[in-house]
Structure formats: C-alpha cells, structure tokens
Colleague: 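Next up is a structure, given as structure tokens.
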Number of protein chains: 2
Amino acid sequence: MIETPYLLFLGDAPDQLAAKVAQGIKDWRPENAVGQFRMEGCKADLGLTDMTLAEAKAAGAKTLVIGVANRGGLISQDWKKVLVAALEEGFDLASGLHNLLRDEPDLVAVAEATGRTLHDVRIPSVKYPIANGVKRTGKRCLAVGTDCSVGKMYTALAMDAAMRERGMKSTFRATGQTGILITGDGVPLDAVIADFMAGSIEYLTPDNDADHWDLIEGQGSLFHVSYSGVTMALVHGGQPDALILCHEPTRPHMRGLPGYSLPSLEELRDVALKLAQVGNPACVVVGISVNTQHMSDEEASAYLAKLEADMGLPATDPFRYGADKLVDALAAL
Amino acid sequence: MIETPYLLFLGDAPDQLAAKVAQGIKDWRPENAVGQFRMEGCKADLGLTDMTLAEAKAAGAKTLVIGVANRGGLISQDWKKVLVAALEEGFDLASGLHNLLRDEPDLVAVAEATGRTLHDVRIPSVKYPIANGVKRTGKRCLAVGTDCSVGKMYTALAMDAAMRERGMKSTFRATGQTGILITGDGVPLDAVIADFMAGSIEYLTPDNDADHWDLIEGQGSLFHVSYSGVTMALVHGGQPDALILCHEPTRPHMRGLPGYSLPSLEELRDVALKLAQVGNPACVVVGISVNTQHMSDEEASAYLAKLEADMGLPATDPFRYGADKLVDALAAL
C-alpha cells in the first residue's frame, strides 16, 4: 500500500504523452495529487500547482510518484538528484519503471538511512496464496477484451467513478502498474509467479458487503496468445458476477501479433462466459465497452446502435458518452 | 540441461511411493539410470544395482538425482552427508524439492569449491521471452485434462515411447519437475513469471522437422480455477496441431476444490479446441486418454467403448492398454 497523497514527478518529460501515469492519477484520483514537480525542459503539464519538495511536504504529500516514462524506462542521474532529495525530505518513492528503484544502490542507501520506503509496483510485494475457489461475498465485475489495450482499465475506472457518484459501493481493483499507482494498491499480475496468479486475484478481491462491487482491471485477452494465461487467471480468480466486453473496432490485427485477427464480440462473449461460469455459474455478460477514438461521432453512434441491436446488450464508449449505460446494467442485476 | 546418466538417490524413503520421481526415471528413461543409492532404513527399491558413489562414478553417472520426496520436502542432515560426498566425488546434484539446494549454504560452498552444478528444477534457469505467436515448423501434441492429475504426463510419455518404437520422430517436452528430472530438460511452468509463460513454451518447442512431434506435458486444466492460467499458456504457447483429452471418470470433484464438479469431455473438447485454434486454426482433437485405475477391466472396456461411440474419437487407457490407439490417430493426421 502506497501512502497518499502524492507529489507527481514529471521529470524532463519530452511530451505530454510521456506523463501518462501522472495524467491517470490526476484524472481518476485528483484527491491523491497534491501538485506536480517538473524539472528544467519538462514538456508535460498536468495543470496542477508546481511545487518544490518542501512545499509539497507542507501541503501533506507523502509519496513522490514517478509519473513519467522515458526511453528505456531508465532512472537518469538528473532524476536521481531529485529522488535523493525527496527521500531526505521525508517522501517515500513509487515507480512503475522497468529500472527498479531497489536496483539503484544510492537510492537504497538513502532510503535506509532516512527510513523511507521504495515502492516498485512492477514487482509483487506480497506472497500470494494458491487460489482455493471458495465463493466470496460481495459482487465483482471484470472487463475482458477482444485484444490487449482496448480500454479495459479505462472502462473499469469510469464505471467505478460513476458508481461512486451514484452512491453505490464500489472499488476499482488494479492489476497493472498504472492502476496500482493511481489507487496506491493492487496486484502487478503480469509479474506474479504462474501458480499464484489466480490466488493473487482472490487476495485482491476478498469478501465484501453483499451490495459492494469490485471493478477488476482486466489484462490481456483470452484470444491473445502471448498473455491469455494472465487473462484466464483473472476470469477464474476474480469469480466475476458480471463481464463487460471491451473492443476497438478499427484494429487491423491483434496487438503485436501480425497475422492474428481479432475475435468477434460474439466469440469473446461465448468463450469468456463459458469459462467464467466455471468459477461462478451465475456470471452474466452485462454490456459492451467500445473504444471509438478512431471513428467519427456518426460512425461511433451507428456502430454502437447496431451492436445493441445485434447482441441485445447495452453498448457505449465510456470515454465519449460516459459509463452510465454500463452502470445501469450492473445496478439492474 | 542436466547431465545424464544419473545415480538415483532414494535416501531413507519411508515407502516405495516416496520414490515416485526415481521410479519415473527408471520407467521412462532407463538408459539414464545407472544405479540406485539407498541409505540405511530405505524402504524403496527400484530393482536397480545398489552402488556407492565411487561405483556409480566409475559406471559413468554424471548427476546424483534426488528421486525421493520426504515430509515437507526438506533436505535432512543425514542426506547432506551423502550430497556433500557426491559433490566431492564429482557429481552434479539435481532436485525438485521445495527446499532448494541453492538455499543450503554448505552445499553451495562445496559445489563452488568442486566446480559442480546444483540443479533446482522447480526454478526456471532461463530468461524466457514473451511469446510472439509466430507459426513454427514441426508438429505438436498437447494433453489437456478435465482436471489436474488425471494422467496427462503419463499419456505424453507413453505416446512418446510408442512413437519412438515405431521409428517416428518424437520428443517428450517436460513442463513440470518430475518430467524435467526424467528427461534432464524442460520448463518448470508453474514457477515462471506470468508474462513469460506462453513464451517459455514457445522456447521449449522450437522449429523442428516437418514430421517431428513434440509431445508436450500438460499442466492443470482449463476448468481448474487455481491453475487454469498455466493451462491456457500451454494451449497458446504450445501451438498444438493435436489435442488429447485426458479424464479420470470416478473423481467426485475437481482436485482440491470441493464443490467444483468436473466438466464433461464434450465441454473440455469444445473449449480447449476453440482456444487452441486461436494459435493454430488447423488444430484438431485426436483422441481420449482415460485413467481407469479405479475401474474393473470390464467397466473400463465398456466405458471406453461407449466414449468412442459417443464422441467418435479413439479412447484408451495408455497405462492399461497401451498408447497405440492414440499414436495411430497422430500418425493418421
């Protein structure tokens, strides 16, 4: 568990896109973002107050989060000056970079001397159990995709936000680096040892109030041959009551796999539901989330209307049109 | 890669069953088993020549394999005397125990001093790639089960043996500890990091002759909620041309999961084939392997005959009736 709120470190980000993680924190957990720290030459700006370390500390920030990715995921010497100063100022550090904080001896030494914690969210910090399949109380929703990177995390975060707004009991459960940094907690599923994958998701989504929903961040796709095992562990470890199908209609082939075409939404529905019902026979598919960023408003509307007619399920693009249709479907269960 | 042949260490095995790994080596790779080493009080006997370390060394043995499991999977002080002496005699050590050889400082020190290798086959020794899904030459057969421990490894080993006997090109590809010790090579799939599971199976079953078959050891089950992610990675990373369905008809529930009933063979066929065809559209189900150990000969014959009629696939118990029916089906492809 990473201590919140954060000071968001944007470093010397070459452009706005490089600060994607920080942007996600600001968009989805603005209460976690006290301010931003930018170095000379930084080309990203979240519109937050620029703060020195001392100012952020005084404003209550507990952790400096590296909210920026640079080429190769490396921690540069320039960054290190700030990171060391932050530790000395009393901040913990959190990072999702490939270059682990714990692999930098100078950062480790200063963290030890100052009693601060280094959070590398790519690496599990828990010894997860093997899944036991025991039915848990509370409800769970999982987004499954026809492919990787079709908007599963966005869908779950948007639904979680809409549900909180309505006063429904809901928790977004992060299973990837960005999600973990946004919420301060979660399971870095792609880095978990195979035997413990499903168990890590049981651990992440424990017994809860009967009317509480866990919105579980999806990963990969059952149809993506590189990562389908990870997805499978979510489908069984997550014990979902509800599935949301996620899709990006203009993609020419599976991400990173030329020659592999995307499955249809019908195929995804049938396979994912069949497998999910092994863990929870009551599981149902409740709606479809479409990433329409490459379609005009007219195209998107027509596409969604046709999907609703063809599949008999509510379909929307939560980024473009809000997540209400999907939340209505959950609420109606 | 573990150097063969082996001296099989049976230690102070409390009974024959405790020496299951050694028995597997002797049954399936007798050419790898130079002799057995038994301590005082050992209750297991493989019928191999009892040898001292020096005798085994003179007979050409390269590695002392711990072919016995004891309570808790621990390496006892009594064992260590033998293990240290073996290193000093010039043997490598290989073990599938939970208690890793590398976690015993005295063994590590002696191994370093003598220049010998400690093989802990529970732990991957390779940095596997992420799967790329590129079609590989040669053919692959994967055994998938309605449950864990229904005879998938036995089926693949028996088919591999029958194929070699016929002069077919075949390699058993181990994906678990016992299989790795039997053959001296393989991937300990349950210990691989999630993101690299499918890639480890691509690595294990590379391009080969067009008429060569990899017989891939199955793990878990697509219907076992604790381990299904591991199975999924085999189905996609293995890119199988042929699936064998494995089943144990008398099991009351999924192994370790009271309340979870086994799927039917029809359900397994449909789900496994659908998913396998994502990675290899030409994949087919070629036969059924049934573990009939809890059935009379009459019951077993009747059950297999009914299965063949109902499913239109050859069905046998390779332990009881040989693997020829299954190999015939592969050969006919």
Colleague: Tell me if the NE2 atom of His98(B) is crowded by more than 12 foreign heavy atoms within 6.0 Å.
Modeller: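 Counting neighbours around NE2 of His98(B), 12 or fewer heavy atoms of other residues, nucleotides or ligands fall under 6.0 Å, so no.
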
Colleague: What's the separation between atom CG in Asp270(A) and atom NZ in Lys274(B), rounded to the nearest 0.5 Å?
Modeller: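 The CG atom of Asp270(A) sits 8.0 Å away from the NZ atom of Lys274(B).
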
Colleague: In terms of heavy-atom contacts, does OH of Tyr203(B) have more than 12 from other residues, nucleotides or ligands at under 6.0 Å?
Modeller: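 Counting other residues, nucleotides and ligands, OH of Tyr203(B) stays at 12 neighbours or fewer.
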
Colleague: Is it the case that atom CZ in Arg255(B) sees more than 12 heavy atoms from other parts of the structure closer than 6.0 Å?
Modeller: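 Atom CZ in Arg255(B) is not packed in, count stays at 12 or less.
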
Colleague: Supply the atom-to-atom distance Met232(A) CE to Leu222(B) CG, rounded to the nearest 0.5 angstrom.
Modeller: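 Here the interatomic distance stands at 7.0 Å.
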
Colleague: So how far is it from Asp190(A) CG to Phe196(B) CZ, rounded to the nearest 0.5 Å?
Modeller: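 If we round to the nearest 0.5 Å, Asp190(A):CG and Phe196(B):CZ are 8.0 Å apart.
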
Colleague: For chain A, which candidate among Ala198(B), Gly133(B), Ala233(B) shows the most heavy-atom pairs at distances under 4.5 Å?
Modeller: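 Winner by heavy-atom pair count: Gly133(B).
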
Colleague: Identify which part of Glu267(B) has an atom lying under 4.5 Å from any heavy atom of chain A, answering side chain, backbone, both or neither.
Modeller: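 Side chain of Glu267(B) only, per the 4.5 Å heavy-atom cut-off to chain A.
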
Colleague: Please flag which part of Leu189(A) lies under 4.5 Å from any non-hydrogen atom of chain B: side chain, backbone, both or neither.
Modeller: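 The backbone, not the side chain.
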
Colleague: For Val230(A), which atoms come within 4.5 Å of any heavy atom of chain B: side chain, backbone, both, or neither?
Modeller: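 Contact with chain B involves both backbone and side-chain atoms of Val230(A).
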
Colleague: Are side-chain heavy atoms of Val192(A) and Ile193(B) found at a separation under 4.5 Å?
Modeller: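 Of all side-chain heavy-atom pairs linking Ile193(B) with Val192(A), none is under 4.5 Å.
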
Colleague: Nearest 0.5 Å, what's the OG-CG distance between Ser226(B) and Asp195(A)?
Modeller: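 The OG atom of Ser226(B) sits 9.0 Å away from the CG atom of Asp195(A).
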
Colleague: Decide yes or no for His236(A) and His224(B): does some side-chain heavy atom of the first lie under 4.5 Å from some side-chain heavy atom of the second?
Modeller: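 Sidechains of His224(B) and His236(A): no contact.
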
Colleague: In this structure, are over 12 heavy atoms from other groups packed under 6.0 Å from Lys127(B) atom NZ?
Modeller: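 At most 12 heavy atoms, drawn from other residues, nucleotides or ligands, come within 6.0 Å of this atom.
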
Colleague: Given that the side chain runs from C-beta out, which part of Gln239(A) has a heavy atom under 4.5 Å from chain B: side chain, backbone, both or neither?
Modeller: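 Interface part for Gln239(A): side chain.
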
Colleague: Can you find a pair of side-chain heavy atoms, one from Val225(B) and one from Val278(A), that are under 4.5 Å apart?
Modeller: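 Yes, at least one pair of side-chain atoms sits under 4.5 Å.
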
Colleague: Once you round to the nearest 0.5 Å, how far does CZ of Phe223(A) lie from CG of Leu275(B)?
Modeller: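 If we round to the nearest 0.5 Å, Phe223(A):CZ and Leu275(B):CG are 6.5 Å apart.
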
Colleague: Identify which part of Gln219(B) has an atom lying under 4.5 Å from any heavy atom of chain A, answering side chain, backbone, both or neither.
Modeller: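 For Gln219(B), neither part sits under 4.5 Å from chain A.
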
